[in-house]
Amino acid sequence: MSNEKRKDYLEWDEYFMAIAKLSAMRSKDPSTQVGACIVSNDNRILSIGYNGAPNGFDDDKFPWGREGKNLETKYPYVCHAEMNAILNYRGSKKDLENAKIYVDLFPCNECAKIIIQAGIKEVVYLSDKYANSENNIASRKLFDSCNVKYSKIKLKNERKIELDLK
């Protein structure tokens, strides 16, 4: 028997981002699936969320389109992953203060405000595909002004994680 530990285990950042990505798989949005995972300073998962229709809103009657008149698209109705993760948390709001949120897509300005109001002090994201949009420029201004750190996840190696639920 070897006294050496496994070397291919997940690093904390990989683990929490993988949980965010797994949560995103619950989203019924046909074009964009986003997940979020909120973590305390001592690496305890506080909450998770994904983008989708509000509770009680029949998502079979929910408009999932991206194009058309605003009220006929998903945009005025969908709850983002960050909002859901914060609202799903059932503990003391104090526990969210100084927490970290992992998201696979950089937060929009509305989610940035919610993150700031919750007291979360760090955002780790996987993709910033809308970096030049006004919403994301506003997000960075909000985060910078409110001392919320944000960074793209630093991966040693690109990793594919597969789950077998047999």
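Hydrogens, waters and symmetry mates are skipped; everything else that's a heavy atom, side chains included, is used. If you're wondering where the values come from, they're calculated on a predicted model, not measured in any experiment.
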Within a strict 4.5 Å, meaning less than it, do heavy atoms of the [X] and [Y] side chains meet?
X    : Y    : result
E82  : I114 : no
I45  : C37  : yes
L105 : K129 : yes
K100 : V124 : yes
P63  : T73  : no
L96  : Y89  : yes
I115 : V123 : yes
I120 : I86  : yes

| field | Polar contact flag, side-chain donor to acceptor under 3.5 angstrom, S40-D42 | value | yes
| request: Please determine, by modelled atom types, if Y15 and N43 share a side-chain donor-acceptor pair under 3.5 angstrom. | output: no
Main chain of [Y], side chain of [X]: is a donor-acceptor contact present, judged purely on distance under 3.5 Å?
X    : Y    : answer
R90  : L87  : yes
D104 : G35  : yes
N51  : T32  : yes
Y77  : W64  : no
D95  : G91  : no
K152 : L126 : yes
S139 : P107 : yes

Atom pair [atom1]/[atom2] of [X] and [Y] - distance to nearest 0.5 Å:
X    : Y    : atom1 : atom2 : value
C111 : L142 : SG    : CG    : 11.5 Å
K113 : C108 : NZ    : SG    : 8.5 Å
L155 : E11  : CG    : CD    : 10.0 Å
H80  : S27  : NE2   : OG    : 10.0 Å
C79  : N55  : SG    : CG    : 7.5 Å
N88  : S47  : CG    : OG    : 4.5 Å

| task | Applying side-chain contact (heavy atoms from CB on, under 4.5 Å), run through Y75 and R66 and close with a yes or a no. | result | CA-CA 7 Å; Y75 297 112; R66 296 173 62 143; 3.4 Å; yes
Are [X] and [Y] connected in the hydrophobic side-chain network, where two residues link if heavy atoms are under 4.5 Å apart?
X    : Y    : value
I48  : I161 : yes
V78  : L71  : yes
V39  : I19  : yes
Y150 : I101 : yes
M83  : I38  : yes

| query | How far apart are the closest heavy atoms of M17 and Y125, and which atoms are they? | reply | CE-C, 3.7 Å
| field | Taking every non-hydrogen atom, the tightest pair across G49 and A85 | value | N-CB, 3.7 Å
More than 12 heavy atoms of other residues, nucleotides or ligands under 6.0 Å from [atom1] of [X]: yes or no?
X    : atom1 : answer
Q117 : CD    : no
N70  : CG    : yes
K21  : NZ    : no

| task | Measure from the ring center of Y130 to the ring center of F106 and say whether it is less than 6.0 Å. | result | no
| query | Between D128 and R140, is the closest basic N to carboxylate O distance under 4.0 Å? | reply | yes
| Any Lys/Arg nitrogen of K74 or D29 sitting under 4.0 Å from an Asp/Glu carboxylate oxygen of the other? | yes
| request: Describe, in one word, how the ring planes of F16 and Y102 are oriented to each other, choosing from parallel (under 30°), tilted (30 to 60°) and perpendicular (over 60°). | output: tilted
